[in-house]
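Worksheet for the structure shown next.
The model shown is predicted, which means the values in this text are computed figures rather than measured ones. Heavy atoms only: backbone and side chains are in, while hydrogens, waters and symmetry mates are out.
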Amino acid sequence: MSDLLPPALILIIGGLLLPAMKGRGRDILVLGVPALTFYFIWALPEGIRLEVPFLDYMLVPIEVTTLGRLFATVFTLMAFVGGMYALRQATSRELSAAFVYAGGAVGVTFAGDLITMFIFWELMAIGSTLVIWSAGTDQARQAGMRYILMHLMGGVILMVGIIAEISRSGSVDFTAVSLEGIGGWFMLVGILINAAAPPFASWLADSYPEASPSGSVFLSAFTTKTAVYVLMVTFAGTNILIYIGLFMVFYGIIYALLENDMRRILAYSIVNQVGFMVTGIGIGTPLALNGVAAHAFCHIIYKALLLMSAGAVLHQTGKRRCSDLGGLFQSMPFTAACGIIGALAISSFPLTSGFVSKNMISAAAGYEAMTVVYFLLAAASAGVFLHAGIKFPWFVFFQKDSGLRPKDPPINMRIAMGIFAFLCIGIGVYAAPLYNLLPYPVTYEPYKASTVVNYLQLLLFAGLAFFVMLPWMKRTLTITLDADWLYRRLLSRFGNVVWFTLVAGYEKGETKIRNRAESLAGLSDMLFNRKGILTKTWMIGTTATWTISLLLLYLVSYVF
């Protein structure tokens, strides 16, 4: 039996209770539920805490591991600070969905079997869709519909893989999976869809920016990082993930550089950053996996900070295109400072959290003599500085003077941004508390002189390149077509062909049926209408003749 209350259940129940609460009680619940969840996450000792028999298997809804506790910790921290950010702006419906969403993510990190993991996985899809729809706009409704369709497809693929894997192994344990059987491949594809791996990545950039300012902050934290956690448990060291991750890294950079919408820039940046994590999982060494875990932890914080600053701008100005913004540092200095700190952290600038986490992945590639991978990751770090480290703060807070003079957002939003800005700097300056939470002992030293100098050179030259190419970097009122446009067009054409073929076939068949029905109707009319053969009035002699003939026919047949 469970020693204590399941942490995921606290968030889910709290989320379901939120719509019934108002005023101060609602505020206490929003901040108190994540705090209580955090307590139980750390009160549970490691090991299996709850087992439930199911058919021929033993389900493990609660199993505490070092890695799972790390992810559950940052998920709960996100729920708390995100709740603070949304406290005065978000509806109770949105906060309710966000807490159920967060509870699903925490449930995955404590799952000890594949069935429990899948249940919480699908609960996340429902919660996150409701978060998107809570924005209440037509764009949010359409984006949410596409979002749920993609995630239901990914869930079906994952479920097929889980069933095949259970059939092959005879076990439901949530542990390492090989790609020897078809089940492993289905599971990998299903997980990668949630990780926003191309060609199924556009759901992220299309849906996250359509949520409310607070909704996009919640969305940035859970889905893709839960996929990273599941990949770490099931497919660590799988070589193909190195190539998938590298493709994600540069895919995200290119599309972020092309974007004009500030929140779409940050959405594509999520794809890029998750690509670093997927690459580290593919490398699979203890240093690489430590780097993935640390980077996921830090990424949730600085990405949320970036989206909080973007959300504050949207909340205060109602504008989201870079071409409509600029000069906001004059009237929104606190928001601009927090956005700059988040931009430096995502760029792995020294003395920020990104520097002490992401570089572990690059170092792991170097230690394993993966020279090409190492240099590609270094080049990608420069690309991150271009699109998230410079482009986002420059076009939103500086560049031209847009003439807008909004104030900094309400106090609850500023407190939330301040907490995460402090953590971005605090972890970067003193990483020991984070390193102590990682799944393997840490011997990595981030602040070697050579490492610091190399990264400063890389980032400074990337910054110089940005301003040299600034005329080409200026945004215009254009849209970018994602890679999904190709298969969406093909599927649309294919669907039209199938539809018209079916319609034509139906119409042809309908014509044949109509002709046969008309023939039958004519025969029926000939036989049964008032003057029909079988219904008209016959003369008595004719009737007697037919009766005698039929009687004779019967007698003959009976005799012979």
Side-chain angles (χ1 to χ4, degrees), residues 54-61 63 65 67-68 71 104-105 107-125 150-201 203 223-249 271 274-286 288-289 292-293 296 361 364 368 370 373 439-440:
F54 176 73
L55 300 178
D56 295 330
Y57 304 103
M58 187 64 72
L59 304 187
V60 185
E63 182 178 7
T65 63
L67 182 64
F71 275 83
V108 170
T109 64
F110 279 94
D113 66 273
L114 292 171
I115 295 175
T116 300
M117 183 274 288
F118 180 76
I119 292 172
F120 282 112
W121 184 274
E122 292 301 282
L123 183 63
M124 288 173 54
M150 287 297 300
H151 283 274
L152 289 178
M153 181 186 75
V156 169
I157 295 172
L158 178 60
M159 180 180 65
V160 170
I162 288 173
I163 293 171
E165 184 61 24
I166 293 174
S167 177
R168 184 191 69 83
S169 65
S171 171
V172 296
D173 291 346
F174 182 26
T175 185
V177 176
S178 71
L179 293 178
E180 295 178 359
I182 191 172
W185 284 102
F186 271 92
M187 286 184 65
L188 181 62
V189 172
I191 297 166
L192 286 174
I193 289 175
N194 261 34
F200 302 107
W203 61 261
T223 300
T224 52
K225 262 60 72 183
T226 304
V228 167
Y229 170 77
V230 175
L231 281 175
M232 291 184 72
V233 175
T234 52
F235 293 105
T238 302
N239 195 55
I240 192 174
L241 291 178
I242 298 175
Y243 307 104
I244 294 173
L246 288 173
F247 186 76
M248 292 176 67
V249 165
V271 179
V274 173
F276 277 92
M277 302 173 207
V278 172
T279 302
I281 295 170
I283 296 172
T285 62
L289 295 178
V292 172
I361 301 173
E368 295 301 309
M370 299 179 179
V373 175
Y440 301 99

Can you give me the closest heavy-atom contact between [X] and [Y], atom names plus distance?
X	Y	result
Phe235	Ile281	O-CG2, 3.9 Å
Pro61	Thr116	CA-CG2, 3.8 Å
Gly181	Arg168	CA-CD, 4.5 Å
Ile283	Glu368	CG2-CG, 4.3 Å
Ala196	Thr224	CB-CG2, 4.3 Å
Ile166	Tyr57	CG2-OH, 3.5 Å

Does a side-chain heavy-atom distance below 4.5 Å link [X] with [Y]?
X	Y	answer
Glu122	Leu152	yes
Phe54	Ile115	yes
Val292	Thr279	no
Met117	Val233	no
Leu231	Thr238	no
Leu241	Leu192	yes
Ile191	Leu158	yes

Separation between [atom1] of [X] and [atom2] of [Y], rounded to the nearest 0.5 Å:
X	Y	atom1	atom2	result
Ser178	Glu165	OG	CD	6.0 Å
Phe174	Glu63	CZ	CD	10.0 Å
Ile193	His151	CD1	NE2	9.0 Å
Met232	Met277	CE	CE	10.5 Å

Which of Leu114, Thr223, Ile162, Val230 passes side chain to side chain contact (heavy atoms under 4.5 Å, CB included) with Trp121? It is Val230
Between the side chains of Asp173 and Thr175, does any donor sit under 3.5 Å from an acceptor?
no
Heavy-atom count around [X] [atom1] within 6.0 Å, excluding the residue itself: above 12?
X	atom1	result
Phe247	CZ	no
Phe118	CZ	yes
Leu179	CG	yes

Are any side-chain N or O atoms of Tyr440 and backbone N or O atoms of Leu289, one a donor and one an acceptor, separated by less than 3.5 Å?
no
